Amino acid sequence: MEMSLARYLARRAALTVFVVFGVTLITFALTHVVPADPVVAYLGDHAPPELVEKVRHQIGLDRPLPVQYLLYLRDLLRGDLGISIMDNRPVSHDLGQYLPATVELATSAMVVAILIGVPTGIVSALYKDSWPDQAARVFALGGTSLPVFYVALLLLGVLYSRFGVLPGPGQLSIYTPPPPHLTGMVAVDALVAGDWAALGDALRHLVLPAFVLGYFSTGLVTRMTRSSLLEVMRQDYVRTARAKGMGERRVVLRHALRNALLPTVTVIGLTFGDLLSGSVLTETIFSWPGIGRYATNSVTNVDVPAVLGVTLVAAVIYSVFNLVTDVVYAYLDPQIRYT
Amino acid sequence: MIVALFALVALLAPWIALQSPLTQDLAHRLTGPSPAHPFGLDSLGRDVFSRVVYGARISVVSGVLVVATASAFGITAGTVAGWVGGWWDEALMRLTDMFLAFPSLILAMAISAILRPSLTNALLAIAVTSWPTYARLIRAQVLSLRSRDYIDAARAQGATDIVIIVRHLIPNALAPLLVQATLNIGGIILTSAGLSFIGFGAQPPTPEWGLMVSEGRTFLMDQWWVATFPALAILLLVLGFNLLGDGVRDVLDPRLRKMG
């Protein structure tokens, strides 16, 4: 049994490496379907042909494609994602600066999804087909059907502009001095520094975007918790527990829920890709300084190296996340094995 | 029901709309809902109702078009992988792994940055990220169906591979794909509206719902109708497809229906 788990993990890890390799192939291919000549675009239309040729040679654009790809891979392995056209800085440097804010937001969104989704799913399963279940169903459907960008604008308009209950866009208010930079995640930095005022301000700024971003996943988590709990409740050991005279609450919380949460873990892991996509819209609306907003800005400025950098990093993060999800799942449930 | 209603609206847009979605009336810009203009006028004095009605065409057609393209591609790849097997199977499945690694909106943004932002490119990008799911579904179906008796029977009667695949295999493998496709359309409409919202999909003055929400965002709190009606249209259409998907699944998979 141990052996097969190890083999499964090895195979799964190898697959991830392969996929990441394939992802670089796709981003590389994308750079080569650009209709305009990047060198001409960079130097301007009136650049002398000799200069264009020289720059082409410098960048390596005159070499055969496979050689160019290998050079691209070599740069990637060194952590070199090219130079951003927007701000003339290395793309990897930009991403390092913007990534923590996205991690902070996505993690908070997941916490929202779990804190709301799991209890709602449990209530939904316990009161199957009665009104709490119906209400939860409508709530979950809203998560997958509402246009997130409109919800964000509306909440921002009502809670910030109209009533001032919650702070506006950004990570901190302008009059709050930022905590010393450590992780780049403002709330975490404030916590470490023991700066309670900044922590409170950061958390209040986090509430709306985290809820908006997490709502989509909340719906999925709710539905998954509900259906797997219902499935588990019909199994023999639950019936045995009941037959022993155990209270219903105890049966559900002690016995059924543990096993029912397994598929929920997978759903949470798999919605991470949606969180990354969703963060583009959420961050753009809330002026959240993460990679989603960076991506929007780079596309607006036709900054191809930056766009491809974001795409590549997002794909790699997503693949690694899938790997972790699968590993956790395999660890928790010895019956499931990849074939 | 909802989907049928929207399909009807999309089909009959020219007769339902009160005026052209592009006609401007700058003198009355941003006037609220009235009997003449039930959804009010936007910042250029265009009738929001007519724009929402025409927008139904764009959204319904986009959703269906993307799903059709992605599933055609997915069916082909999945059938080849499941039927031929071996090296082809391995290669095609690893290809799906690669494409599944991209969050769809982000790859769509990359594609629209490299080509230029347009609705067609946005839809193309979404299709590129959707086909692997269909390919995997069909492959799994083909693998489980290929050793069935009726396939053997067809072969014994001298049917060629192509005939078996087209006449017997694919029709029987379609059920889960249909469920997946219906459930997907909602998400696809949301993604393409989102892309248009941030400016990388449909371009002005197209009456696209996501773009309309974006155009109305600055006066959301005062001239709420400009952004709210297109947003409601998105919500209803997506909700319709999600409910339809649930329904289709219940009909095609009675086991799930019992589970509740």
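Remember, it's a predicted structure, so these values are computed and weren't measured experimentally. Chain naming here is simple, since letters A, B, ... match the order of the sequence lines and numbering starts at 1 in each.
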Requested in this report: Report the option among A:L153, A:D129, A:I317 that has the most heavy-atom pairs separated by less than 4.5 Å from atoms of chain B.
Outcome: A:L153

Report summary line: One option among A:L156, A:I285, A:V151, A:D133 has the most heavy-atom pairs under 4.5 Å with chain B, and it is A:I285

Report summary line: Of the listed A:F216, A:F321, A:Y150, the one with the largest count of heavy-atom pairs under 4.5 Å with chain B is A:Y150

Query raised in the report: In Å and rounded to the nearest 0.5 Å, what is the OG1 to CZ distance from A:T120 to A:R137?
Result: 15.0 Å

Requested in this report: List the steps, then state whether side-chain hydrogen bond (donor to acceptor under 3.5 Å, both in side chains) holds for A:R12 with A:T16.
Outcome: CA-CA 6 Å; A:R12 191 60 191 74; A:T16 305; 3.0 Å; yes

Query raised in the report: Does the side chain of B:T206 reach to within under 4.5 Å of the side chain of B:L119, using non-hydrogen atoms?
Result: no

**Report entry** Test item: side-chain donor near acceptor, A:T300 and A:N297, under 3.5 Å
**Finding:** no

Query raised in the report: What residue in B:D246, B:L243, B:I234 has the most heavy-atom pairs under 4.5 Å with chain A?
Result: B:I234

Requested in this report: Go through the atoms of A:L276 and report whether side chain, backbone, both or neither lie under 4.5 Å from a heavy atom of chain B.
Outcome: both

Query raised in the report: Going by atom types only, do B:N121 and B:S112 share a side-chain donor-acceptor pair under 3.5 Å?
Result: no

Requested in this report: Flag the pair B:R51 and B:E215 as a salt bridge only when some basic side-chain nitrogen lies within less than 4.0 angstrom of an acidic carboxylate oxygen.
Outcome: yes

Query - chain A contact via B:F102 - which portion, at a heavy-atom distance below 4.5 Å - result: both

Query raised in the report: Which atoms of B:L220 come close to chain A, meaning under 4.5 Å heavy atom to heavy atom: side chain ones, backbone ones, both, or neither?
Result: side chain

Query raised in the report: With only heavy atoms counted, which part of B:L100 is less than 4.5 Å from chain A, the side chain, the backbone, both or neither?
Result: backbone

Query - Pairs of heavy atoms under 4.5 Å with chain A: top-ranked of B:T191, B:L237, B:T228 - result: B:T228

Requested in this report: Please indicate whether A:Y69 has more than 12 foreign heavy atoms, meaning atoms of other residues, nucleotides or ligands, lying under 6.0 Å from its OH.
Outcome: yes

Query raised in the report: Which atoms of B:S214 come close to chain A, meaning under 4.5 Å heavy atom to heavy atom: side chain ones, backbone ones, both, or neither?
Result: neither

Query - Pick from A:L275, A:L141, A:V20 with the largest number of heavy-atom pairs that fall under 4.5 Å of chain B - result: A:L141

Report task. Check whether A:I26 gets within reach of chain B through its side chain, its backbone, both or neither, counting any heavy atom under 4.5 Å. Result -> side chain

Report task. Assess whether atom CZ of A:F139 is packed by more than 12 heavy atoms of other residues, nucleotides or ligands within 6.0 Å. Result -> yes

Query raised in the report: Can a cation-pi geometry be assigned to A:R293 and A:W288, taking NZ or CZ under 6.0 Å from the six-membered ring centre and within 45° of the ring axis?
Result: no

Query - A:V158 portion near chain B, given a 4.5 angstrom heavy-atom threshold - result: both

